[in-house]
Amino acid sequence: MHMVTALRGAMVCGAMALLSACSSSNNGAQLEADAGALAAPGAATAWEAGSESRFCPQVTLREGTAILRKNVGDEVDYVASITEATRDCRIVDGRLRMQVGVTGRIVPGAAAQARAVNLPIRVAVLLGEDVIYSELGRQAVSIAPGGGAKTFRYVDQGIALDPSETRVVIYAGFDEGPPE
């Protein structure tokens, strides 16, 4: 009986650890390191000079935008998925400046050709129903037939808000635009 109870407890702890790894909340340390590597020399200095913000809105993956699947006929070309969205906030020049990071994986399918794929990633900020920031970026990732999964990272550093505005919602996800 004690063995069963211990086994159940271990399974619950393991499940909780696995779920906690899926959290989109992050203190931003890795995001800041990634963004610092991508930033222009002057931008990194301004970011570092800013003060940490008490308010830093969560980033949410909008439903239906976390997976991008491309086919060639009936065969899968590739499947890309967003696995995490994080953010880091600083007060710079009196504005709440945000860096939003998106991490994911791309897996080539049976129809994959050796090439670079440009993944369309949108970061949007809403204040109520109003879109106050929206940027569509592209992240290039190389794929090859029979190749394994690859990790990608995208960082949007363009968000600057009024620091007193705490009713904003941040969304990230794939965005291919209107159907062709």
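All residue numbers in this chain count up from 1 along the given sequence.
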If we only count heavy atoms from C-beta on, is the [X] to [Y] side-chain gap below 4.5 Å?
X	Y	answer
Tyr171	Val123	no
Cys56	Arg87	yes
Pro57	Cys89	yes
Val125	Leu161	yes
Ser81	Ile106	no

What about [X] and [Y], same hydrophobic cluster or not, with Ile/Leu/Val/Met/Phe/Trp/Tyr joined at side-chain heavy-atom distances under 4.5 Å?
X	Y	value
Val107	Leu119	no
Ile82	Val169	no
Leu126	Leu96	no

To the nearest 0.5 angstrom, please state how far the [atom1] atom of [X] sits from the [atom2] atom of [Y].
X	Y	atom1	atom2	answer
Ile121	Arg153	CD1	CZ	12.0 Å
Met98	Arg90	CE	CZ	13.0 Å
Ser53	Ile91	OG	CD1	4.0 Å
Arg105	Glu84	CZ	CD	13.5 Å
Phe174	Thr65	CZ	OG1	8.5 Å

query = Got a sec, which residues hit salt bridge (Lys or Arg N to Asp or Glu O under 4.0 Å) with Glu165, two or more places apart in sequence or on another chain?
reply = Arg167

Sequence neighbours excluded and cut-off under 3.5 Å, please list the side-chain donor-acceptor pairs for residues 130-142, or say none.
residue: Tyr133; atom: OH; partner: Asp156; partner atom: OD1; Å: 2.8
residue: Tyr133; atom: OH; partner: Asp156; partner atom: OD2; Å: 2.9
residue: Ser134; atom: OG; partner: Arg122; partner atom: NH1; Å: 2.7

key: Qualifying residues under side-chain hydrogen bond (donor to acceptor under 3.5 Å, both in side chains), relative to Asp162, sequence neighbours excluded   = Ser164

request  = For Arg115, check side chain to side chain contact (heavy atoms under 4.5 Å, CB included) against everything at least two apart and list the hits.
outcome  = Asp77, Tyr78, Gln113, Val117, Ile143

message = Under the rule for side chain to side chain contact (heavy atoms under 4.5 Å, CB included), what residues qualify as partners of Ala110, not counting sequence neighbours?
response = Glu75

message = Please give me the minimum heavy-atom distance between Pro108 and Gly147, naming the atom from each residue.
response = CG-O, 3.1 Å

message = Tell me the closest heavy-atom pair linking Val59 and Ala172, and the distance in Å.
response = CG1-CB, 3.9 Å

All pairs passing disulfide (SG to SG under 2.5 Å) where residues 130-163 contributes a residue, at least two apart = none

ask   = Which other residues belong to the hydrophobic cluster containing Val79, where Ile, Leu, Val, Met, Phe, Trp and Tyr are joined when side-chain heavy atoms lie under 4.5 Å apart, directly or via other members?
value = Ile67, Val76

remark   = Applied to residues 51-74, the salt bridge (charged side-chain N to carboxylate O under 4.0 Å, His left out) test, sequence neighbours excluded, yields Lys70-Glu176

